[in-house]
Amino acid sequence: MQKFVEFVRNIYKTKDFIALHEPVFIGNEKKYLNDCIDSTFVSSIGKYVDRFEREFAEYVGSKYAITTVNGTSALHISLLLADVGNGDEVITQPLTFIATCNAISYCSAKPVFVDVDRDTMGLSPKSLQDFLEANCEIIDGKCINKTTKATIKACVSMHTFGHPCKIDEIKAICDAWQIIFVEDAAESLGSCYKNKHTGTFGKVGAFSFNGNKIITSGGGGAIVTDDEDLAKRAKHLTTTAKVPHSYEYVHDEIGYNYRMPNLNAALLVAQLEQLDKFLQNKRELTEKYAEFFRKYDEIEFVKEPHNATSNYWLQAIILKDLEERNKFLEYTNKNGIMTRPIWKLMNELEMFKDAQYSDLDNAKHLEERVVNIPSGVTL
Ligand SMILES: *Cc1c(COP(=O)(O)O)cnc(C)c1O
């Protein structure tokens, strides 16, 4: 462990505290922000919002992108676009950040948890298939949960730390069961599965640009889709459902004030320009870590899954057991190297403890062993 601390200090070339993931602003950030302030268009309308939406859609290979105030709101709207509503159920993975389940709850729907795969740390197609076969039936074109009688409207998979899960298999199962597939791609900007960008496989995908993500707007998110009607609806819902009019205030449903301010978009345009550089830098870091951990048989360094290119947003290792994990966390944090355990399983949190779930052996195994290590872009 002492060797690890020395190794990380050597990479980041500092004796100070080393964070898990700090943003870096080494491009046009100040220039665009100043431009924004000079123009007085700092709030909800402005050219940087439009520009980012255009450039982001192009980057991920999607027809439309709609920016939001954060990734959670992008997920919330994505689920509404998937027609998730009161009393519905949404299948997802228990090993994820709380935002995935919060967004489901905002729709007055309930999460149902199936297991993850060991190699991707994301939703397992086999576990999904097994759950559906054991518990569900299709009635009038809807997937009905036989236990609760509720409709399973959507399935949200998440690409843990940027590693794509087995998206095509999950999508095929969802299609067969009349379930709308939604991707929580909050962590996977820059990650591809079979050469297609994550977030673009389902009907809608959601991204986050929070301060700790691979590029940041301070806070922010985006919804992507290829469907023109859904894109229009996303814009409408995120901008208080105001009917376009040159001076009247007419709103035709209960909408949300979820739009991203131009100021944040200005920062984000500059960040997007540097994304490829950040991705390259992270790959170099991955190689260094992989080389280092090769010497330690009892620690597994997490590499990108088969068929996928990962953005390596957060680097991760898998320790031997809970005890070793705790020792590692204790030692590194005490010595000024920030490390963090993976999330607690969602079904173990108070709010979701009554949720239905299948065997979660892999999720439990990973929950007790996975630790994130410093992953920020090295200057
Ligand atoms: C970051 C993140 C989000 C969105 O978070 P915001 O802070 O609201 O931008 C959603 N899901 C996952 C898995 C995340 O990591």
Side-chain angles (χ1 to χ4, degrees), residues 19-23 52 56 65-82 84 90-107 111 113 116 120-123 154-165 167 170 181-191 198-199 202 204-224 234 238 256-261 264-265 267-268 271-272 302 310-316 340-347 349 351-352 363 366-367 370 372 375-376:
L20 206 58
H21 199 285
E22 275 178 354
F52 180 77
F56 187 72
I66 300 90
T67 50
T68 57
V69 277
N70 53 45
T72 310
S73 56
L75 262 175
H76 178 198
I77 298 298
S78 296
L79 290 169
L80 293 179
L81 296 177
V84 175
V90 177
I91 298 182
T92 191
Q93 56 202 66
L95 198 63
T96 183
F97 178 58
I98 189 73
T100 317
C101 291
N102 280 343
I104 294 169
S105 307
Y106 299 162
C107 300
F113 301 108
V116 297
T120 67
M121 298 187 284
L123 197 129
C155 170
V156 184
S157 73
M158 199 279 286
H159 308 301
T160 306
F161 309 142
H163 302 298
C165 57
I167 311 177
I170 297 168
F181 178 54
V182 175
E183 285 175 86
D184 178 347
E187 307 188 350
S188 64
L189 174 57
S191 301
T198 54
V204 274
F207 289 86
S208 166
F209 310 113
N210 189 35
N212 61 348
K213 296 297 199 297
I214 192 159
I215 61 169
T216 185
S217 48
I223 302 156
V224 299
T238 53
Y256 301 86
N257 182 12
Y258 279 175
R259 64 190 131 197
M260 176 186 283
N264 300 72
L267 189 66
L268 200 48
Q271 287 268 288
L272 186 62
V302 177
S310 174
N311 65 3
Y312 284 102
W313 169 55
L314 286 188
Q315 311 276 352
R340 286 288 180 267
I342 199 166
W343 315 279
K344 275 186 100 52
L345 299 188
M346 292 297 117
N347 57 296
L349 300 180
M351 310 81 81
F352 304 115
L366 293 168
E367 182 202 27
V370 175
N372 290 124
S375 312

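Just so you know, these numbers come straight off a predicted model, no measurement behind them. Counting starts at 1 for both ligands and their atoms, in listed order.
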Would you check if the side chain of [X] reaches a backbone N or O of [Y] as a donor-acceptor pair within less than 3.5 Å?
X	Y	value
Q93	M158	yes
T198	S191	yes
T68	Y258	no

Could you identify the single nearest non-hydrogen protein atom to [atom] and state the distance to 0.1 Å?
atom	answer
atom 6 (P) of ligand 1	G71 N, 3.5 Å
atom 3 (C) of ligand 1	A186 CB, 3.5 Å
atom 8 (O) of ligand 1	T72 OG1, 2.5 Å
atom 1 (C) of ligand 1	K213 NZ, 1.6 Å

List every atom of ligand 1 that sits less than 4.0 Å from any heavy atom of [X], numbering the atoms from 1 in the order shown and giving each element.
X	value
M158	13 (C)
N70	8 (O), 9 (O)
N210	7 (O), 9 (O)

- Query: If you measure from each non-hydrogen atom of T96 to ligand 1, which part falls under 4.0 Å: side chain, backbone, both or neither?
  - Reply: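 Answer for T96: side chain.
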
- Query: Hey, is D184 touching ligand 1 through its side chain, its backbone, both or neither, going by heavy atoms under 4.0 Å?
  - Reply: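 Under 4.0 Å from ligand 1, D184 contributes side-chain atoms alone.
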
- Message: Ring centroids only, cut at 6.0 angstrom: are Y106 and Y256 within range, meaning strictly under it?
- Response: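 No, the ring centres sit 6.0 Å or more apart.
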
- If you measure every N/O of E187 against every N/O of ligand 1, is any gap under 3.5 Å?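 By distance alone, the answer is yes.
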
- Query: Any N or O of F209 that comes nearer than 3.5 Å to an N or O of ligand 1?
  - Reply: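 N/O-N/O distance below 3.5 Å does not exist for this pair.
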
- Can you name the closest pair of heavy atoms from G162 and N311 and give their distance?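 The answer is CA-OD1, 3.1 Å.
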
- Query: Which one of G219, G211, S208 has a non-hydrogen atom at the shortest distance from atom 5 (O) of ligand 1?
  - Reply: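 Ranked by closest heavy atom to atom 5 (O) of ligand 1, first place is S208.
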
- Query: Is it true that the side chains of H21 and S375 contain a donor and an acceptor less than 3.5 Å apart?
  - Reply: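 No, S375 and H21 have no side-chain donor paired with an acceptor closer than 3.5 Å.
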
- Message: Is it the case that the side chains of S73 and N70 hold a donor-acceptor pair, with the cut-off being a distance below 3.5 Å and no angle test?
- Response: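 Yes - a donor-acceptor pair under 3.5 Å links their side chains.
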
- Item | F52 CZ to M260 CE distance, which is reported to the nearest 0.5 Å |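 The CE atom of M260 is 6.0 Å from CZ of F52, to the nearest 0.5 Å.
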
